[in-house]
There are 2 protein chains.
Amino acid sequence: MIDKNSPIPIYYQLEEKIKTQIDQGELQPGDMLPSEREYASQYAISRMTVRQAITKLVNDGYVYRKKGTGTFVSAKKIDQPLQGLTSFTEDMKARGMVATNRLIHFKVISPPLSVTKALNIDSSTPVYEIQRVRLADGLPMALETTYISKHLIPNITEKLLEQSLYDYVENSLGKEIGEGTQIIESSTVNQNEITHLNVKKGSPVLLIERHTYLKDGTPLELVKSSYRADRYRFMINMQR
Amino acid sequence: MIDKNSPIPIYYQLEEKIKTQIDQGELQPGDMLPSEREYASQYAISRMTVRQAITKLVNDGYVYRKKGTGTFVSAKKIDQPLQGLTSFTEDMKARGMVATNRLIHFKVISPPLSVTKALNIDSSTPVYEIQRVRLADGLPMALETTYISKHLIPNITEKLLEQSLYDYVENSLGKEIGEGTQIIESSTVNQNEITHLNVKKGSPVLLIERHTYLKDGTPLELVKSSYRADRYRFMINMQR
DNA sequence: GAGTGGTCTAGACCACCCC
DNA sequence: GGGTGGTCTAGACCACTCC
């Protein structure tokens, strides 16, 4: 079950194995896992390696430890919120919908103050301003404006915008996306949103402002979105 | 600097030490940390112990690792969002405000279906229903309704509600709070909210539904809140 | 080639929990 | 007292980066 000669790390093999057992119900919520020493002797590996696997499962909320007692499978949650930072395309896919775009404008601008602060650049740095209607299964879901420094990604084309930008940054440019900070507010639609989202005056929208950073802390993008409140809700999981 | 005889774990001492150096600017964003082997020899501790400290800093976003190169201090974020699951009282304190309550009603009910599902109980289990206006610096911030199984916390009193419930659960009952799932939506106020939040008809509100769980996965509470959009915004940080 | 983080070992002692 | 997780050691080899 564990291949010591595989290039896949042992701790990762064990982690996936236990995760599968939980997903398939072999290990039920509340069940105690074999002890760390049992895993170690069963697979003839070190206990520290077992701990490395289990620590990741603890961090991901699959199991929890009780000092002096054992490690147990956590109870399943009703709704499984999205894990981690995702693009609109990835988010919709996770919800079982297909994401498409309608480009409203795509230009290079001299950034206003709010954008220079967010991207940590000065006002002489050219910035892409990309405004799109984001659709899910063909219906307008959000109006989104993205700001990215042209120096960071010199070759954005309209063609490129049809794919996932995160995918391009990570797999074609080889830059690693680290984290994102999101500010979530409630508001009612403005005239621009009424037009593009096809809703009535006074309708509520969820405003999400996202600041995305690369692993080294460089700001990647600033995204301001207005989501239709009747079609979208945001779900997150937080650890105490 | 590192006290090996202290009951405080060595990895934690080192973690706090590095964190302090970052906070105080001794280690600037982009700076490379001493290598793991350097820390180990400097403090005469094992490299695995150093790794344990640094791994926590990586998970908390203070530093990042680059394979074959080194460990570096992450860039500072503009806004520092709230870390982890917090109560309203704790949340307001972090924002530099003082939280108070205005109790609207406090009763034991036979729970409706939505509550039984969230708390994983049946309809014969008595449940507290606590509705409060939450104030920050004396101004209405949110209208909040909390549902908790009476079996889980048998002795809730009006007096108790003036303190932090999380604090009571953790420190007086000795139950450990694990995580919470939050569903965030945008809406406009209903009549009840107009009255208690003192806002105009048509005003936007941020609806937050929180499901809180103990470490063993037992549902602790279901909280439905309506926050005044002009006074509250929600901020989170997500890892890729 | 020298230095870095990534993985792994085979032990050890401790505090804690349950019987 | 026996089992559990929590912490820690003193090494080891690997892949990777940079020069």
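Computed over heavy atoms, backbone and side chain alike; hydrogens, waters and symmetry mates excluded. In what follows, every chain begins at residue 1, and chains take the letters A, B, ... in the order their sequences are listed.
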Could you tell me how far apart A/Leu57 (CG) and D/dG5 (P) are, to the nearest whole angstrom?
13 Å
A/Gln52 CD to D/dT7 C1', in whole Å, measures 15 Å
Within the structure, does a side-chain N or O atom of B/Thr71 lie under 4.0 Å from either OP1 or OP2 of C/dT4?
no
Interface with DNA chain D, restricted to residues 6-19 of chain A and to heavy atoms under 4.0 Å:
none
Quick one: do the B/Glu221 and B/Thr212 side chains pair a donor with an acceptor below 3.5 Å?
yes
Salt bridge check: are B/Lys19 and B/Asp23 linked by an N-O gap of less than 4.0 Å?
no
Nearest-Å distance for atom pair CD1/C1', residues A/Ile54 and D/dG5:
10 Å
Gap between atoms CG and C1', on A/Leu33 and D/dG3 respectively (whole Å)
16 Å
Between C1' of D/dC8 and CZ of A/Arg51, the distance in whole Å:
11 Å
Assert: residue with more 5' nearest nucleotide on DNA chain C, out of A/Lys4 and B/Glu38, is B/Glu38
Salt bridge present between B/Lys93 and B/Glu90 (N-O < 4.0 angstrom):
no
From the set C/dT9, D/dT9, D/dG5, return the single nucleotide nearest to any side-chain atom of B/Thr49.
D/dT9
Other residues, nucleotides and ligands only: do more than 12 of their heavy atoms fall within 6.0 Å of NZ on A/Lys66?
no
Residues that B/Ser46 engages under side-chain contact (heavy atoms from CB on, under 4.5 Å), provided they are two or more places apart
B/Met48, B/Thr49
Between A/Glu36 and A/Arg65, does any NZ, NE, NH1 or NH2 come within less than 4.0 Å of an OD or OE carboxylate oxygen?
yes
Nucleotide C/dC8, atom P - distance to OH of A/Tyr39 in whole Å
16 Å
Any chance the side chains of A/Tyr232 and A/Asp91 put a donor and an acceptor closer than 3.5 Å?
yes
Can you tell me how far the CG atom of A/Leu14 sits from the CD1 atom of A/Ile10, to the nearest 0.5 Å?
9.5 Å
In whole angstroms, how far is the C1' atom of D/dC8 from the OH atom of B/Tyr43?
18 Å
Heavy-atom contacts, protein to nucleotides 11-19 of chain D, under 4.0 Å, summarised as B (base), S (sugar-phosphate only) or - (none) per nt, yield -B---BB--
Would you name the heavy atoms of A/Asn5 and A/Asp3 that are closest together and state the gap between them?
N-OD1, 2.9 Å
Protein-nucleotide distance (B/Tyr64, atom OH; C/dG6, atom P), rounded to Å
13 Å
